[in-house]
Amino acid sequence: QRSEDPRRQDAHRRAGGRALCAGPCGRARRRSARRRRPGRSAAITDLRAARVEKAARAAADGKDPAWIDQALRLMATLSADSDQIPDVLGAVAGADGLRLHLNRPIPAPEPFTQQGKDWWLPATAAMPLASTDRDTALAPLPTLVTVAVTGSHTYLLDLERAGAIRVTGRGHEITPRHFLNHLVADLATNLWSDDLTVTLVGWGRQLLPLNPHRLNHLGTVAEANRLLQSWLAETEHTLAGHGGGDALTARVHDRDADAFVNPQVLLVDAQHTDDQDLAALPTHTHTLPATPAARCATAVVTTAQPGELSAQ
């Protein structure tokens, strides 16, 4: 049998490559490239972060985090063709299922059921694979974090929805810094924190190896103020150019991620800094109100200053 012309073989290979790029993998790569901010490379698998995540999840109570991740992506997929996006404040996950706490009641699509203002997804619900695929279904709540754990349930809060949070408390063994440490570990390993950047301001440089592709460090609050100002302006411009709405709406409705903005969380420990720029931080965080349709892909968590703790 006569061998095929080498030039024709090469043409077939090029055509096959174009077909592959046009498939799901190619779409995922193009979507990821559109999401990345200029100068940022694509994240790669980090072995240390994977080990930390495995150990943390193995010790956790409640529902498997991978199942929670699928449920959140399913919520986004089912809401993509609706003009009513679930305004999720937080969630409760357990072996029995996932409960999403909404700011206001809206009808829940199957397999979710509406219970008052909540959406409930039982653990036995069947989830279509295409609706939960991490390459095609964007995670809608990348800043959802654990804030409490009981013997049977995990309680989660959406930092982006809260906007600006101030952590107070007292105690020799448990301090607000411990809570910041927990947030770092949680956000560094969450499966649903797509393209999230967590910036530790003035502290925590030694924690960056948990996930170098997701964690960042700034030395001063002055740098954080400049970052926050430019980031909020960029986010507002991006969202306005795609018909308005907030960051959650962009994630749910924009399947090609053209209006996607990378979520950011700033963690500021005010107890160990005398930086005068701390007083200027509220001029930026006041634009992160805890009101509907206000998600702007940014959340700021600060601890109280030492004087404030002693006075409480």
- [ ] For atom CD of Gln206, decide whether the heavy atoms of other residues, nucleotides or ligands shown that lie under 6.0 angstrom number more than 12.
- [x] yes

Task: Evaluation steps, side-chain contact (heavy atoms from CB on, under 4.5 Å), between Val88 and Met75 - done: CA-CA 11 Å; Val88 179; Met75 180 203 78; 3.9 Å; yes

- [ ] Kindly indicate, with the supporting measurements, whether the criterion side-chain contact (heavy atoms from CB on, under 4.5 Å) is fulfilled by Leu100 and Leu72.
- [x] CA-CA 9 Å; Leu100 300 175; Leu72 295 174; 4.1 Å; yes

Open item on the list: Any carboxylate oxygen within less than 4.0 angstrom of a Lys/Arg side-chain nitrogen, looking at Arg73 and Asp194?
Closed with: yes

Task: Minimum-distance pair of heavy atoms, taken over all atoms of Ala297 and Thr235 - done: CB-CG2, 4.4 Å

Open item on the list: If you compare all heavy atoms of Leu210 against all heavy atoms of Ala188, which two are closest, and at what distance to 0.1 Å?
Closed with: CB-CB, 4.3 Å

- [ ] Might you point out which heavy atoms bring Ser79 and Pro86 nearest each other, and give the distance in Å?
- [x] OG-CD, 3.4 Å

Open item on the list: Could you tell me if the side chain of Leu74 sits less than 4.5 Å from the side chain of Phe112, heavy atoms only?
Closed with: yes

Open item on the list: With a 3.5 Å distance limit and no angle check, can you tell me whether Asn190 reaches the backbone of Trp192 through a side-chain donor-acceptor pair?
Closed with: no

Open item on the list: Working to the nearest 0.5 angstrom, can you tell me the gap between Thr189 OG1 and Asn211 CG?
Closed with: 8.5 Å

Open item on the list: Strictly distance-based, threshold 3.5 Å: is any side-chain N or O of Thr197 a donor or acceptor partner for the main-chain N or O of Arg214?
Closed with: no

Open item on the list: Taking Gly116's backbone N and O only, do any of them form a donor-acceptor pair with Gln114's side chain (distance below 3.5 Å, no angle check)?
Closed with: yes

TODO: Answer with yes or no whether the hydrophobic clustering places Leu207 together with Leu159; edges join I, L, V, M, F, W, Y residues whose side-chain heavy atoms lie under 4.5 Å apart.
DONE: yes

- [ ] Over all heavy atoms of both residues, which pair between Pro209 and Pro212 is shortest? Give the atoms and the distance, please.
- [x] O-CD, 3.7 Å

Task: Distance-minimising heavy-atom pair for Pro176 and Val167 - done: CB-CG1, 3.9 Å

Task: Partner set under side-chain contact (heavy atoms from CB on, under 4.5 Å) for Pro122, not counting sequence neighbours - done: Trp120, Thr124, Ala125

Task: SG on Cys296 to CD on Glu234, rounded to 0.5 Å - done: 12.5 Å

Task: Glu160 side chain vs Ala299 backbone, donor-acceptor pair below 3.5 Å - done: no

- [ ] Kindly compute the distance separating OG1 (Thr199) from CG (Leu228), expressed to the nearest 0.5 Å.
- [x] 10.0 Å

Task: Pairing residues for Arg205 by the side-chain hydrogen bond (donor to acceptor under 3.5 Å, both in side chains) criterion, not counting sequence neighbours - done: His217

Task: Backbone N/O of Thr175 and side chain of His178: donor-acceptor pair under 3.5 Å - done: yes

- [ ] Starting at CG of Leu121, measure out to CD of Gln70 and round the result to the nearest 0.5 Å.
- [x] 10.5 Å

Task: Backbone of Leu89 reached by a side-chain donor or acceptor of Arg161 within 3.5 Å - done: no

- [ ] Only counting residues at least two apart or in another chain, list the ones meeting side-chain hydrogen bond (donor to acceptor under 3.5 Å, both in side chains) with Glu223.
- [x] Thr220

Open item on the list: Within the structure provided, determine whether Asp87 and Arg295 are in side-chain contact (heavy-atom separation under 4.5 Å).
Closed with: yes

- [ ] Say whether, by atom type as modelled, one donor and one acceptor occur between the side chain of Ser230 and the main chain of Leu227 under 3.5 angstrom.
- [x] yes

Open item on the list: I'd like to check Ile165 versus Leu157 (side-chain heavy atoms, cut-off strictly below 4.5 Å). Are they in contact?
Closed with: yes

Open item on the list: Side chains of Asp96 and His153, heavy atoms from C-beta outward: is any pair under 4.5 Å?
Closed with: yes

Task: Close side-chain approach of Asn216 and Leu200, heavy atoms under 4.5 Å - done: no

- [ ] Walk me through it: do Leu232 and Glu236 pass the test side-chain contact (heavy atoms from CB on, under 4.5 Å)?
- [x] CA-CA 6 Å; Leu232 290 174; Glu236 182 180 3; over 6 Å; no

Task: Results of side-chain hydrogen bond (donor to acceptor under 3.5 Å, both in side chains) for His182 - residues two or more places apart only - done: none

Open item on the list: I'd like to know if the side chain of Trp231 reaches the main chain of Thr298, judged simply by a donor and an acceptor atom lying under 3.5 Å from each other, with no hydrogens or angles considered.
Closed with: no

Task: Any residue meeting side-chain contact (heavy atoms from CB on, under 4.5 Å) with Gln84, in chain and number order, not counting sequence neighbours - done: Ser82, Arg104, Ile106, Pro107

Task: Sequence-distant partners of Asp118, side-chain contact (heavy atoms from CB on, under 4.5 Å), two or more places apart - done: Arg99, His101

Task: Sequence neighbours excluded - salt bridge (Lys or Arg N to Asp or Glu O under 4.0 Å) pairs with any residue from residues 139-155 - done: none

TODO: Kindly write out the residues that satisfy side-chain hydrogen bond (donor to acceptor under 3.5 Å, both in side chains) with Thr143, not counting sequence neighbours, or none if the list is empty.
DONE: Asp158

Task: Gln229, CD atom: more than 12 neighbouring heavy atoms under 6.0 Å - done: no

Open item on the list: Going by the rule side-chain contact (heavy atoms from CB on, under 4.5 Å), which residues pair with Leu180 if we only count those two or more places apart in sequence or in a different chain?
Closed with: Leu183, Trp203, Leu267, Asp269, Val301, Thr303

TODO: Report the C-alpha distance between Leu141 and Arg251 in whole Å, list the side-chain angles of each, state the deciding distance to 0.1 Å, and finish with yes or no for side-chain contact (heavy atoms from CB on, under 4.5 Å).
DONE: CA-CA 9 Å; Leu141 305 174; Arg251 294 182 199 117; 5.5 Å; no

Open item on the list: Rounded at 0.5 Å granularity, tell me how far OG1 in Thr113 sits from CH2 in Trp119.
Closed with: 10.5 Å

Open item on the list: If I compare all heavy atoms of Pro142 with all of Ser193, which pair ends up nearest, and what's the gap?
Closed with: O-OG, 2.7 Å

